[in-house]
Amino acid sequence: MDDKIVLTGIKPTGMPHIGNYLGAFKPSIDLSQNHKTFMFIADLHALNAVHDAKVVKQHSYEAAAFMIAMGVNLENTALFRQSDVNEIYQLTEFLMNVTPKGLMNRAHSYKAMVEKNTEAGIDIDSGVNMGLYTYPILMAADILLYNSDLVPVGKDQKQHVEFARDIAGYFNNIYGETFKMPEPVIGEDCGIIPGLDGRKMSKSYDNTIPLLCPSNELKKKIMRIITDSKTPEEPKNPDESTIFQIYKLFANNDEVAALRKRFLDGGLGYGTAKTILFEKIDSVLSAPRKEYERLMANPAEIDKILEHGAEQAKRVAAKTITKIKKKMLGI
Ligand code: TRP
């Protein structure tokens with residue numbers, strides 16, 4: 001255990017798929033094994049897009065149950081709801097005042113909206129609420145509130161961690177050395193993970209494999225993987241096969257080598273290969289799936305964990321706010 005503080009936020013948007021998991025969640029679960037970790041369900045970050053409280057609440061439970069089931073180390077980790085720590089609203093407001101508007105104009109997700117609107121010939125800010133526009137400031141507040149050193153995130157979030165560093169720098173320049181510089185930790189590059197249709201796995205293509213779905217649903221998904229029309233007898237190139245690419249993410253080296261050989265030798269039909277893939281994923285994920293289902297049936301247990309996490313988080317957050325108030329308001 002070194003003394004670096006790890007922090008990450010999980011946006012509650014429904015069951016993560018394999019790509020999300022490997023890119024962002026697994027690195028934080030791994031770091032939680034030997035670091036003091038703050039991990040929260042970023043329910044406030046969901047609000048710019050989700051305007052249905054029931055959905056936010058349900059997805060928040062799912063996200064928490066998911067992280068627990070996948071093995072986050074709760075002895076080292078304060079797992080909590082972002083919205084339960086009032087200091088987050090305070091720090092966000094304070095940071096607003098040192099953050100240049102131009103920085104927000106450069107945020108990838110805002111720029112993507114502007115580009116889409118421009119192409120459509122409508123007002124550039126159409127459909128952009130202030131939650132979306134100031135999203136990176138809330139995220140900087142998340143990171144800076146808990147004195148984080150390491151911030152495991154998916155590649156798509158790297159810019160936001162860089163913005164947190166920028167904002168910490170603006171603050172420090174004005175008010176003197178206050179915030180540490182957090183560092184993004186990007187999960188090892190597993191390459192592009194193919195989805196069921198062979199394109200990159202992404203919710204927007206509807207080609208994902210949700211990580212902890214029921215067994216029969218998993219089977220149905222895997223049977224939907226698109227293949228070419230080679231006969232069972234023909235040798236096949238494993239490196240061009242979605243089935244094999246996904247298998248590699250779950251199987252050990254010996255198993256991978258064995259399946260590679262069967263692809264190359266011929267005599268393995270795609271139907272059989274899919275069954276092998278299904279059985280592998282199903283067995284690797286069966287224990288976490290059971291734990292996930294058990295937790296989802298016992299929300300009170302999740303609440304207890306989140307409340308305990310929030311208490312720990314609040315202690316650290318309150319100290320940060322005291323410090324910032326002194327620096328900014330003199331009180
Ligand atoms: N924005 C992140 C995402 O969409 C979630 C998040 C919110 C986060 N606050 C954070 C991640 C702070 C890391 C640190 O996935």
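Note that ligands are numbered from 1 as they come in the structure, with each ligand's atoms numbered from 1 the same way. All values below were derived from every heavy atom in this structure, side-chain atoms included, with hydrogens, water molecules and symmetry-related copies excluded. Everything numeric in this text was worked out from a predicted model, so none of it was measured.
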Per-pair distances, 0.1 Å, donor-acceptor, side chain in residues 215-222, under 3.5 Å, sequence neighbours excluded:
from, atom 1, to, atom 2, distance (Å)
Ser215, OG, Asp282, OD1, 2.9
Ser215, OG, Asp282, OD2, 3.3

Who passes salt bridge (Lys or Arg N to Asp or Glu O under 4.0 Å) against Lys327, sequence neighbours left out? none
For Lys261, give me all partners under salt bridge (Lys or Arg N to Asp or Glu O under 4.0 Å), at least two apart in sequence or on another chain. Asp265
I'd like the atom pairs linking ligand 1 to the protein - N or O on both sides, separation under 3.5 Å - with distances to 0.1 Å.
from, atom 1, to, atom 2, distance (Å)
ligand 1, 1 (N), Tyr135, OH, 2.6
ligand 1, 1 (N), Gln157, OE1, 2.8
ligand 1, 4 (O), Tyr135, OH, 2.9
ligand 1, 4 (O), Gln157, NE2, 3.3
ligand 1, 9 (N), Asp142, OD2, 2.8

Within 45 degrees of the axis of the six-membered ring of Phe38 and under 6.0 Å from its centre: does Lys36 put its NZ or CZ there? yes
Between Arg260 and Asp239 (salt bridge meaning N to carboxylate O under 4.0 Å), is one present in this structure? yes
N-O pairing of Asp228 and Lys230 below 4.0 Å: yes
